[in-house]
Amino acid sequence: MQQHPPPTKEQLDGRELPVHGALDYGELERLGLCPEEIHDFSVNANPYGPSPVARQALAGLALERYPDRTCLALKRALLRYEIDAQQVGIEWLVCGNGASELIWSIARTFLCPGAAVAQLMPTFGEYRAASQAVGASVSDCILREEDDFQVDIPEVIQWLRRLRPALFWLCNPNNPTGEWLPLMKLRELARVCAELGTLLVIDESYRHFLFPAEEETALELVQEEGRVIVLRSLTKDFALAALRIGYAVAPPELAAKLATNLPAWNVNGAAQVVATAVLADREHLAYSLQGLAREREAFFGALQGLGCRVVPTRTHYALVRVGKATRLRAALLQGGLLVRDCTSFGLPRYIRVATRQAYEWSRLVGVLGVLQSEEKELWEN
């Protein structure tokens, strides 16, 4: 493999630390809040929790034994339940400690100092952080608020042709906007990337949260084009955030290179046995998604009933225009409700909320209604 010089101090000085949702335990401690009492709308996870088989699998875990370095059983389960095994084999799969570890490994493997990297904005912050950590230069194609942050494919293609990036990060469905690009549009982008010699990385971490569901995925492009990697996560849809588990699907040559930049035993034994078990429980996944389909309609409708602008989304999470996002988040947190302040996405007037069960989201809607009448400055634009 070609060796690249490390990034210079000047390149590293421009790095930005990514901001995420989820509980900040230090913040809660400073505020005197108990983590168990917080209703967390800031993470796009399955609110129905993991399958019951998860804890059964943990009970049988041999704590004294090292995990399988190759994640063989997990990969076979992925081929059985998530991927058409007739199209790809085990050598196409790379497992990671969450999709985030794979994002960083992709950056270390395929980027070098000074390389041009492309991404749409707003999107997941780890793409920029991982790219900048190896000294790459990240360029953004800004999605317009007045267009509900929808992707203009011809405009993006023209931008890619001008930039000629080494790598293009694409989250689909996108976080935080919830927009989904169908395979036809992805194929247009993939063909341009192939022409330019650009590695296209498509992050499908939220693909199970599409409403209505879609059968087509970007996996077809991995076979059709030589430089496409698809990322997926089991953290959100299977509710395994505490264990951290994700995987990449890539042509064998790229998969082998990617694996060389991961540490041995990077996926712990608990994550492997639990993920293997829950992949087989399709009933729990179907039950969760059916519940979310109902709740998201009711939740987003209730927010709109308050007069909130909810950006159209294909997922169970949505951007909501509020005015002063940072201050509103702080006010809600004092009441035990955590939302995602989207200032780090470049959207200081938006929060992102993920659908939870009715007893939780109804409380959030009620508190927002009170704040609208009593704290009007939080809603002023």
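Atoms considered below: every heavy atom in the structure, side chains included; atoms not considered: hydrogens, waters and symmetry mates.
Counting only residues at least two apart or in different chains, ring-ring contact (aromatic ring centres under 6.0 Å, His included) contacts with residues 153-178 comprise Tyr127-Trp169. Judged as a side chain to side chain donor-acceptor pair (under 3.5 Å), the pairs with a partner in residues 188-202 (not counting sequence neighbours) are, in order, Arg161-Glu195. Within the structure, salt bridge (Lys or Arg N to Asp or Glu O under 4.0 Å) pairs that include any residue of residues 35-50 do not occur (at least two apart or interchain). For the ring-ring contact (aromatic ring centres under 6.0 Å, His included) condition, no pair includes a residue of residues 213-236, sequence neighbours left out.
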Taking only distance into account, with no hydrogens and no angle test, what donor-acceptor pairs under 3.5 Å do side-chain atoms of residues 238-250 form with protein atoms, sequence neighbours excluded?
unit_1 : atom_1 : unit_2 : atom_2 : d
Arg244 : NH1    : Thr235 : OG1    : 3.2
Tyr247 : OH     : Arg232 : NH1    : 3.2

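Here the CD atom belonging to Glu29 is positioned 11.5 Å from the CD atom belonging to Glu27, to the nearest 0.5 angstrom.
Taking the ring axis of Tyr206 as reference, the NZ or CZ atom of Lys236 stays within 45° of it and closer than 6.0 Å to the ring centre.
Ring centroids of Phe124 and His20 are separated by less than 6.0 Å, placing the two rings close together.
Taking Asn266 as the reference, Glu101, Leu262, Pro263 meet the side chain to side chain contact (heavy atoms under 4.5 Å, CB included) condition, with sequence neighbours excluded.
One finds no salt bridge joining Glu216 and Arg187 here, because no Lys/Arg side-chain nitrogen approaches an Asp/Glu carboxylate oxygen to under 4.0 Å.
Considering Leu102, Asn172, Leu170, Ile103 as possible partners of Asp203, the one that fulfils the side-chain contact (heavy atoms from CB on, under 4.5 Å) test is Ile103.
Not one N or O on the side chain of Lys185 forms a donor-acceptor pair closer than 3.5 Å with the backbone of Ile153.
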